[in-house]
Amino acid sequence: MFRHNRRGGMRFTRIAVMAILSAAISAGPVLAQTDTAPPPPPAETAPPAPPAAPPAEPPATPAPPVTSVPPAVEPTVPGTPAVPKKKKPKKKAPKKAASGSSAPTRISGGGVRLVVDISSQSMAIYRSGKLYRTIPVSTGSGKRYCNAGKCSIARTPRGTFRIQRRVNGWRTSSLGRLYNPLYFSGGYAIHGGNIPGYPASHGCVRIPFSAANWLPGIAPNGSTVIIKN
């Protein structure tokens, strides 16, 4: 009987222990939830502040309109019309003749013109703008010569001249004899002499003796003499 009760008590105790354990196991999660305090909710963070708006620009003021300035007008006396200013014509500077250049060959107008061509050793005689005759000449040789202690080059001057004076018949100079000379520049003259067919004089213009007889009669003083290369 005791054994039976002891066993029954032990069995009862075992059953009770098992029941308590079962109850503890089933209540474990609830205890764990009640023992552990739930974490506090995260603190709400304030939303980021919107960026500050830029300061409002003042309204642009329109630029004043550009007005053209009228040209200055000189005051005029009432009742008198304005006189327009006249432009002064520009003066053209005269062209300078190049030194040593040949004289022009165009012949016009009246009078007598004697045109000596150095390159062809000839002289064209014009009367009233028309060719009258052509004759051979002999001009400066271009050689060096000395006379009365002075030396120079035998060269006929180039340019435009006029007959200044004359001598009828023969004239003897320090350089030789001249027949009916017509002086056009200092001691340079057109005169009768030897014509070899090439430049051979001391600077004068030699013409044939036959031409020296009639040329002074048609070429008075003041007649034009043109000597070109």
Side-chain angles (χ1 to χ4, degrees), residues 90-229:
K90 295 182 179 180
K91 295 182 179 180
K92 295 183 179 180
K95 295 182 179 180
K96 295 182 179 179
S99 59
S101 60
S102 60
T105 58
R106 183 180 178 182
I107 304 299
S108 62
V112 176
R113 287 176 172 81
L114 311 178
V115 182
V116 179
D117 191 331
I118 301 293
S119 60
S120 63
Q121 290 291 284
S122 64
M123 180 171 67
I125 303 168
Y126 292 86
R127 301 181 69 181
S128 300
K130 295 181 180 180
L131 180 63
Y132 173 71
R133 192 173 293 183
T134 301
I135 59 177
V137 298
S138 179
T139 57
S141 64
K143 297 179 181 180
R144 185 174 182 270
Y145 70 94
C146 297
N147 179 41
K150 295 182 180 180
C151 297
S152 184
I153 301 297
R155 182 180 183 274
T156 302
R158 274 73 163 170
T160 301
F161 312 91
R162 291 187 182 276
I163 296 177
Q164 301 170 354
R165 57 189 179 90
R166 66 187 59 211
V167 174
N168 295 327
W170 287 95
R171 178 180 182 270
T172 302
S173 70
S174 59
L175 295 174
R177 300 184 69 191
L178 295 75
Y179 181 68
N180 285 346
L182 304 175
Y183 291 92
F184 61 89
S185 177
Y188 296 96
I190 299 173
H191 63 86
N194 182 29
I195 308 297
Y198 54 85
S201 75
H202 291 96
C204 288
V205 179
R206 297 180 187 175
I207 59 175
F209 288 107
S210 59
N213 285 325
W214 53 260
L215 183 60
I218 65 170
N221 291 347
S223 299
T224 303
V225 178
I226 299 174
I227 301 178
K228 64 177 185 176
N229 290 326

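Ser138 approaches Ile195 most closely through the heavy-atom pair N-CD1, 4.1 Å. Residues Arg162 and Thr224 come closest through the heavy atom pair NH1-OG1, 3.2 Å. Heavy-atom minimum distance, Arg165 versus Gly186: NH2-O, 3.7 Å. Smallest separation of non-hydrogen atoms from Tyr179 and Ala212: CD2-CB, 3.7 Å. The two residues Pro199 and Gly140 have their closest heavy-atom pair at CB-O, 3.2 Å. Here the closest non-hydrogen pair linking Val112 and Ala219 is CG1-CB, 4.2 Å.
The line from OG1 of Thr134 to CE of Met123 is 9.5 Å long, rounded to the nearest 0.5 Å. From Gln164, atom CD reaches atom OG of Ser223 across 12.0 Å, with rounding to the nearest 0.5 Å. Of the inter-residue distances, the one linking Leu178 atom CG with Ile190 atom CD1 reads 12.0 Å to the nearest 0.5 angstrom. Note: Arg158 CZ to Asn229 CG = 4.5 Å, rounded to the nearest 0.5 Å.
One N or O on the side chain of Thr156 and one on the backbone of Gly203 form a donor-acceptor pair closer than 3.5 Å.
No side-chain donor from either of Asn194 and Arg206 sits under 3.5 Å from a side-chain acceptor of the other.
A cation-pi arrangement, defined by a distance under 6.0 Å to the six-membered ring centre and an angle within 45 degrees of its axis, is present between Arg127 and Tyr132.
Partner Phe161 forms a ring-ring contact (aromatic ring centres under 6.0 Å, His included) with one of Tyr183, Tyr188, Phe184 and no other, that one being Phe184. Just one residue in the list Pro216, Cys204, Ser201 forms a side chain to side chain contact (heavy atoms under 4.5 Å, CB included) with His191, and that residue is Cys204. For the side chain to side chain contact (heavy atoms under 4.5 Å, CB included) with Ile227, the qualifying choice from Thr160, Val116, Val137 is Val116, the only one to do so.
Looking at Tyr145 and Ser152, their side chains come closer than 4.5 Å, going by heavy atoms from C-beta outward. Within the 4.5 Å cutoff, the side chain of Arg166 has no heavy atoms near those of the Asn180 side chain. Side-chain contact check for Gln121 versus Pro136: every heavy-atom pair is 4.5 Å or farther apart. No side-chain heavy atom of His202 sits less than 4.5 Å from a side-chain heavy atom of Asn147. Between Ile218 and Ile125, the closest side-chain pair of non-hydrogen atoms falls below 4.5 Å.
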| query | So Leu215 and Leu114, side-chain contact (heavy atoms from CB on, under 4.5 Å) or not? Walk me through it. | reply | CA-CA 10 Å; Leu215 183 60; Leu114 311 178; 4.1 Å; yes
